[in-house]
Amino acid sequence: MTKGSFYEAVGGEETFRRLVHRFYEGVAEDPLLRPLYPEEDLAGAEDRLRGFLVQYWGGPKTYSEQRGHPRLRMRHVPFVIGEAERDAWLKHMHDAVQDLSLPEELENRLWDYLVMAAHSLVNSPV
Ligand code: HEM
């Protein structure tokens, strides 16, 4: 069980489903980000990001059962991520986080993590 986890506090699977779905609605319309995603359909990318976030915040570990260790920096190497891509990613994620209308403390915790993680995945000077 995942009692007491952040995952549970924010509303479990359903909350992460809404978050990541809303995020990819933004990515789908983004001329800078959309070309980075190799698959024509964003459904697989949506499953992977949601699974990762669910696991990270204390929910079921389905992501690693299917994908192994996250190794996020390594998995992002094929994609050129400069400041512009990072900021575009964060903009869509910000919209998606806002849409959840979480209590401020939980929202801040989630957002601070996403900002940190996005900064850590920049792999190109431009
Ligand atoms: C995968 C872009 C930040 C988590 C991907 C993919 C792209 C991408 C193009 C491949 C899509 C796919 O799975 O088919 C970006 C860009 C970012 C960014 C431009 C801007 C900084 C992040 C952050 C996280 C994250 C901050 C975590 C908090 C993931 C995960 C996958 C993924 C879990 C799937 C890895 C796998 O299992 O293969 N990302 N990403 N990404 N990204 Fe990001």
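Owing to the predicted nature of the structure, the values given are computational and were not obtained by experimental measurement. First listed ligand is number 1; within each ligand, the first listed atom is number 1.
- Considering only non-hydrogen protein atoms, atom 33 (C) of ligand 1 sits nearest to F52 CB, 3.4 Å.
- For atom 4 (C) of ligand 1, the nearest non-hydrogen atom from the set V80, L49, V115, L114 comes from L49.
- For E46 against H21, the heavy-atom pair with the smallest separation is OE2-ND1, 2.9 Å.
- With hydrogens left out, the protein atom closest to atom 13 (O) of ligand 1 is R48 NE, 2.8 Å, a heavy atom.
- Using a 30° and 60° split on the angle between ring planes, W57 and F6 fall in the tilted class, from 30° to 60°.
- In this structure, H69 and R75 approach most closely via the heavy-atom pair O-NH2, 2.8 Å.
- Contact detail for V10 and T15: the closest heavy-atom pair is O-OG1, 2.6 Å.
- Against a heavy-atom cut-off of under 4.0 Å, L121 is close to the following atoms of ligand 1: 3 (C), 22 (C), 23 (C), 24 (C), 26 (C), 41 (N).
- Across D30 and L33, no two heavy atoms sit closer than the pair OD1-N, 3.0 Å.
- The shortest N/O to N/O separation between R86 and ligand 1 does not fall below 3.5 Å.
- No N or O atom of E85 sits closer than 3.5 Å to an N or O atom of ligand 1.
- Below 3.5 Å of separation, one finds an N or O of H76 facing an N or O of ligand 1.
- Judged by distance alone, the side chains of Q55 and S64 do bring a donor and an acceptor atom under 3.5 Å apart.
- Atoms of ligand 1 lying under 4.0 Å from any heavy atom of Y113, numbered from 1 in the order shown and given with element: 28 (C).
- Between the side chains of H76 and N123, not a single donor N or O lies within less than 3.5 Å of an accepting N or O.
- Relative orientation of the H94 and W111 rings is perpendicular, given thresholds of 30° and 60° on the angle between their planes.
- Considering each of F79, Y24, Y37, W89, the one bringing a non-hydrogen atom nearest atom 18 (C) of ligand 1 is W89.
- Taking 4.0 Å as the cut-off, G44 does not count as a neighbour of ligand 1 on heavy-atom distance.
- In this structure, F16 and Y7 have parallel ring planes: the angle between them is below the 30° cut-off, well short of the 60° mark.
- Checked by atom type and distance alone, the side chain of Y63 never pairs as donor or acceptor with a backbone atom of R48 at under 3.5 Å.
- Considering each of H92, R73, R71, R67, the one bringing a non-hydrogen atom nearest atom 38 (O) of ligand 1 is R67.
- Inclusion of Y63 in the set of residues having an N or O under 3.5 Å from an N or O of ligand 1 is warranted.
- Residue contacts with ligand 1 do not include Y56, since none of its heavy atoms lies under 4.0 Å from the ligand.
- Contacts with ligand 1 closer than 4.0 Å are made by no heavy atom of V122, backbone or side chain.
- Given atom 30 (C) of ligand 1, the protein heavy atom at minimum distance is L72 CD2, 3.9 Å.
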